[in-house]
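This is a predicted model, so every value here is computed, not measured.
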Amino acid sequence: KKKASLQQSVISWKQTEAENQAASDTFGTLDGGKTMTRLCQNLPRRPVSRYSLIFILTVLACSCPALGKKKLYIGALFPMSGGWPGGQACLPAAQMALDLVNNRTDILPDYELELIYYDSMCDPGEATKLLYDLLYTEPIKIVLMPGCSSVSTLVAEAARMWNLIVLSYGSSSPALSNRQRFPTFFRTHPSATLHNPTRVQLFQKWKWTKIATIQQTTEVFTSTLDDLEERVKEAGIEISVRQSFLTDPAVAVKNLKRQDARIIVGLFYETEARKVFCEVYKEKLYGKKYVWFLIGWYADNWFKIKDPSINCTVEQMTEAVEGHVTTEIVMLNPETVRGASNLTSQEFLAQLMSKLGGKNPEETGGFQEAPLAYDAVWALALALNKTVGPLRAKGHHLEDFNYNNRDITAEIYRAMNTSSFEGVSGHVVFDAQGSRMAWTLIEQLQGGSYKKIGYYDSTKGNLSWYGNDKWIGSGPPADQTVVIEEFRYLSQKLFVSVSVFAGLGILLGIVCLTFNIYNSNVRYIQNSQPYLNNMTAVGCMMSLAAVFPLGIDGLHVHRNVILKPFMCLLLHYLAYGSMFTKIWWVHTVFTKKDEKKDKKKHLEPWKLYATVGVLLAFSFLKFTREAPKGDLDVLIQPLLEHCNSEKMNTWLGVVYGYKGLLLLLGIFLAYETKSISTEKINDHRAVGMAIYNVAVLCMITAPVTMILSSQQDASFAFASLAIVFSVYITLVVLFVPKMRRLITRGEWQSDTQETMKTGSSTNNNDEEKSRQLERENKELQKIIQEKEERVSELRNQLSERQALRSRRRASTITYQNHSPPPFSITQSDPRSLAPPPGYPAPASDPHPVPQSFANSSSLYQSDSKISRNKCHTSRLQLLYK
């Protein structure tokens, strides 16, 4: 009976199983599990024998191998080939994790995870086709696991439409950290921006405030660099140079060299890294002055791999990359800790090597990322295990998931977002953007091999430093050429020498001023406007005195003293202004018309002084690096002291324009008055010579000193010697002739006043006689012009009378035959041609009277005719003389 009852139960179970299989192929296994559960519940509860129980278990084991476990399917894309063949090592690691999870009784005891994977070749186009197959081919996948960043971008953006969670194990693009665009995306591979906090920490540790970057123009590196720029800006660090390239980095590397980049962050793939450092070697952009920061996921011997695209040897590449620093996400837990999988990192590596069949890890794609794929499966299993209870409380089960069920997706999302466990890659935890938070390993290439020099925990901001960093120089290089500011002071020997000449010139000025004041009552000195000459002497002495502050720099006084330009302007207007005033008034008086000249021939001294005062008042209104000796990475910045202002160029234009016009006008006036002789200002020719001297020296000195402004000794020597020479020449030209005249002629103050008056009257009479002769000469010239006009008129009248006489002779020829002889014209008295009284008779007339005029002497026989023409013979003779 027991056997018959058991057989009947088995038959009933098989019929139910066949019905369920016919109803749905997709959920056949799960429904079979439910049927098996119901069958087990409906089995007879009466005691059975040991053999009967064995038989039942045997039948159940043969009919239902899963023993009621429901399968959950994971759709994965492993790039087994392409740009990054990470699936070669990541797929075995994921399968190892699945085996351990399925054998665990404390994790998803009622479920079995199964992996359905394809080769995406790290190609978004191929991944699109494979994603379609995963979504529209049974069974339903509960989670998607892509690999590459480009493929993950495509999958994560489309997964939201099917309410699918996406968990990536190999995507590092910062663009994936966007919850609005990728709301269901998680990754166990940290974002590439996780390198940036470590880099900023190192910049601050080594006290660098200026860096440069060079990147390959791809989306992952561009977004990483944008994030770095924001972080360094917050830390007060400047990105001075930012270069990018597509395939050829030659131009970008040259720009880094030209702009003196020292601390350089490089973001590019391994193949481009070899191209970059080949150019780095050519440009000598390596050594103790430079530090390169690279990505740490290159192969350890990446710079020794022969690449036909570069023309550098292995030795040259090794020399160029020496000392660079890498930052790498910690993908293998450095500590011996057993995590959720009950394996240490070293045990995991041993099992992975065994599963790979002894392949060389360096030749196996994705070997470094294999721990991340392993922990990704564990993170998914633990999150699904965490959702079982909440879903059961809501009346849902994981096996009920379909692409329209948002509740199950929301529970899985919450479980993933709160995941936290120890894995073989370290502590696994996700941030608000779904990116893995991990430690960063810091390594340095020392002697051709990488050495660990520290770790950085970005979650806690903790830097673990080993202190074994090694530099080519004495320490970390400077982030830029160190510029040492060094004041350049004037040569003291040159200053003393010029000061001696200036002091002698001041003594000469004092002598000239004393002489001019002492002899101010001498008529000759008075006629030279001594007060203006005194001003010139004082201005010259002040010019020489300005040489001293011109050479006094910060070595002697405080740098805020600005006495130099004020004194130079003041002395220029005082010395040159007085000379300009003289020459101006000479030109004004002696180039006017006679009637105005007579009015101004008496100069009023106050007008001269007023002109100088106006010029003085105007003066109050205006107001390369070297390499040091030795092999040091520093430059000396020589500093010179200059007076400057906010609108320096404007004021320089105004001052130079005004002074230039004043000098040119002074030269013009001196040239115009060079032939004028006047009593009131008898030294205007000497003043003109002094003006020529000042103008020439000023026009030469001004541009030359501007060119030599960076050479303090040359600039001071040129400016000071120009002042000294112009002052010496001015004093000698103006005062030495006066001294010589007074010494040779004895016209001193001690002489009697009569002598001075006689001497002055003699000079005065000569000048008045000269003016009188000039006036008489002009009057005689006018008379001559009038007489010449009268002679011309008389000649015309004479010609007319001769023509009339000829006609009369022709008419009287017939009359002569019967009339007396013709009347003979008597000759005029020779005494009538005698010279007038008081004038000597010339021996011979050098200008004989023309024949036509001699023949017409009969016209002037009677006084009445002469009076009628108002021309006497004596006056006519004088006229022709």
Side-chain angles (χ1 to χ4, degrees), residues 489-516 532-553 555-557 561 563-580 619 640-643 655-656 659-660 662-663 666-667 670 683 686-709 711-739:
Y489 299 112
L490 184 65
S491 172
Q492 297 304 301
K493 294 181 180 179
L494 176 63
F495 177 65
V496 171
S497 301
V498 175
S499 299
V500 170
F501 282 102
L504 294 177
I506 292 175
L507 292 178
L508 177 61
I510 293 174
V511 171
C512 294
L513 181 62
T514 304
F515 165 80
N516 208 54
L532 290 179
N533 289 338
N534 293 342
M535 291 183 186
T536 302
V538 172
C540 290
M541 288 187 291
M542 292 184 65
S543 297
L544 293 173
V547 172
F548 299 104
L550 194 65
I552 294 177
D553 47 26
L555 184 65
H556 305 284
V557 297
V561 178
L563 187 62
K564 304 177 187 179
F566 177 76
M567 287 194 65
C568 290
L569 287 174
L570 189 62
L571 62 90
H572 180 273
Y573 284 108
L574 195 59
Y576 181 78
S578 57
M579 295 188 296
F580 179 81
S619 66
L640 300 177
E641 298 168 351
H642 295 281
C643 293
V655 172
Y656 286 167
K659 288 182 177 293
L662 203 61
L663 291 173
I667 294 174
D683 61 346
V687 171
M689 291 298 297
I691 288 178
Y692 292 151
N693 160 58
V694 173
V696 171
L697 288 177
C698 287
M699 290 180 181
I700 296 175
T701 305
V704 172
T705 52
M706 293 180 66
I707 296 174
L708 299 177
S709 59
Q711 304 293 330
Q712 72 277 10
D713 291 342
S715 178
F716 170 75
F718 200 92
S720 59
L721 291 178
I723 294 174
V724 170
F725 288 152
S726 62
V727 168
Y728 270 84
I729 294 173
T730 300
L731 292 176
V732 169
V733 168
L734 286 182
F735 294 98
V736 171
K738 296 180 177 62
M739 296 179 182

Side chains of Val496 and Lys493 in contact at under 4.5 Å (non-hydrogen atoms)
no

For Ser499, which residues count as a side chain to side chain contact (heavy atoms under 4.5 Å, CB included) partner, sequence neighbours excluded?
Phe495, Phe548

Side-chain contact test, heavy atoms from C-beta onward, threshold under 4.5 Å: evaluate it for Val727 versus Leu731 and give yes or no.
yes

Least distance between heavy atoms, Val498 atom then Leu721 atom
CG2-CD2, 4.4 Å

What are the two closest heavy atoms between Ala537 and Gly509, and how far apart are they?
CB-O, 4.3 Å

If you define the side chain from C-beta out and look only at heavy atoms, does anything of Leu504 sit under 4.5 Å from Tyr728?
yes

Closest heavy-atom contact between Met541 and Ile506?
SD-O, 3.8 Å

